[in-house]
Amino acid sequence: MFLKVARFRDDPHRITIGLCCGIFMSFSPFFGFHFLMSMALAYLLSGNIKASLIGTAAGNPVTFPIIATSSIALGDRILGRTGEHVSTPILALKDAGSQIWTNFVDLLFGVGEPMQWGSFADVWQNVFLPYMLGGMVYGGVAALASFFVLRSAIAGFKAARLRRIKARRLSNAKKRERSAIAPQTQSAN
């Protein structure tokens with residue numbers, strides 16, 4: 001994947017900004033919107049949009065549990081809470097989803113019962129808000145650290161590739177020159 005990104009026909013700085021936008025957005029709790037948000041951020045920061053899409057690969061099924069738990073824990077610390085109020089974020093999200101569905105069905109079929117938003121409010125307060133705050137901090141740190149590493153790696157790769165291309169062109173030019181000279185010497189003999 002690195003080789004594909006490094007071969008993009010763009011400035012290493014723009015490619016790196018795009019990758020870092022994707023990495024940053026991978027730490028957000030907006031699942032399903034990471035692509036759109038990383039593209040928008042890359043556009044705003046003049047980064048490479050295709051690279052931002054690839055950068056979102058930092059958030060994947062292997063890393064999401066680590067990102068989520070550490071971001072929620074840090075967010076709770078930022079908010080001054082102990083983090084003991086939610087047993088598991090997945091169960092809280094399940095309860096909120098079920099409550100939203102029940103409210104939707106009640107609204108659609110006019111059951112007339114008052115809507116309940118308690119589980120949704122709990123998820124907002126105890127999962128989403130701490131995840132967003134902690135994710136911004138960890139995402140910012142990951143993106144910033146990645147920027148310096150990726151910027152030099154991509155610039156070095158592009159410089160080495162350019163040297164190889166120039167050397168190949170020079171070698172091909174010399175071969176063409178020799179082949180053009182060779183028929184002339186044979187005809188002279």
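Below, each value reflects all heavy atoms present in this structure, side chains not excepted, and no hydrogens, waters or symmetry copies.
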Query raised in the report: Should I17 and F147 count as side-chain neighbours, where that means a heavy-atom distance under 4.5 Å?
Result: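 A side-chain contact exists here, since the closest heavy-atom pair is under 4.5 Å.
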
Requested in this report: Report yes if the side chains of T56 and F35 come closer than 4.5 Å at any heavy-atom pair, otherwise no.
Outcome: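 Side chain of T56 against side chain of F35, heavy atoms only: contact under 4.5 Å found.
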
Could you tell me whether the side chain of [X] and the main chain of [Y] form a donor-acceptor pair under 3.5 Å?
{"X": "S70", "Y": "I67", "result": "yes"}
{"X": "S179", "Y": "K175", "result": "yes"}
{"X": "S28", "Y": "F24", "result": "no"}

[atom1] of [X] to [atom2] of [Y]: how many Å apart, nearest 0.5 Å?
{"X": "I78", "Y": "L74", "atom1": "CD1", "atom2": "CG", "value": "4.0 Å"}
{"X": "I49", "Y": "L41", "atom1": "CD1", "atom2": "CG", "value": "10.5 Å"}
{"X": "I165", "Y": "R169", "atom1": "CD1", "atom2": "CZ", "value": "6.0 Å"}
{"X": "D11", "Y": "K158", "atom1": "CG", "atom2": "NZ", "value": "8.5 Å"}

Provide the closest heavy-atom pair for [X] versus [Y] in the form atom of the first, atom of the second, distance.
{"X": "T16", "Y": "P12", "result": "OG1-O, 2.7 Å"}
{"X": "G22", "Y": "S38", "result": "CA-CB, 3.8 Å"}
{"X": "G55", "Y": "S26", "result": "O-OG, 3.8 Å"}
{"X": "N60", "Y": "A57", "result": "ND2-O, 3.0 Å"}
{"X": "I23", "Y": "A142", "result": "CG2-CB, 4.0 Å"}
{"X": "C20", "Y": "A143", "result": "SG-O, 3.2 Å"}

Query raised in the report: So if you build clusters from Ile, Leu, Val, Met, Phe, Trp, Tyr with side-chain heavy-atom gaps below 4.5 Å, do M25 and L144 land together?
Result: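 Yes, one cluster joins them.
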
Report task. Give a yes or no on this: more than 12 heavy atoms of other residues, nucleotides or ligands lie within 6.0 Å of atom CZ of F64. Result ->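 Enclosed: over 12 neighbouring heavy atoms sit under 6.0 Å from CZ of F64.
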
Requested in this report: Evaluate whether atom CE of M37 has more than 12 neighbouring non-hydrogen atoms of other residues, nucleotides or ligands under 6.0 angstrom away.
Outcome: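 It does: M37 CE has more than 12 such atoms within range.
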
Query raised in the report: Between H34 and F27, does the ring centroid distance fall short of 6.0 Å?
Result: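 Not close enough - the centres of the two rings lie 6.0 Å or further apart.
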
Query raised in the report: For the residue pair F30 and F128, is the inter-centroid distance of their aromatic rings smaller than 6.0 Å?
Result: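 Yes: the rings meet the under 6.0 Å criterion.
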
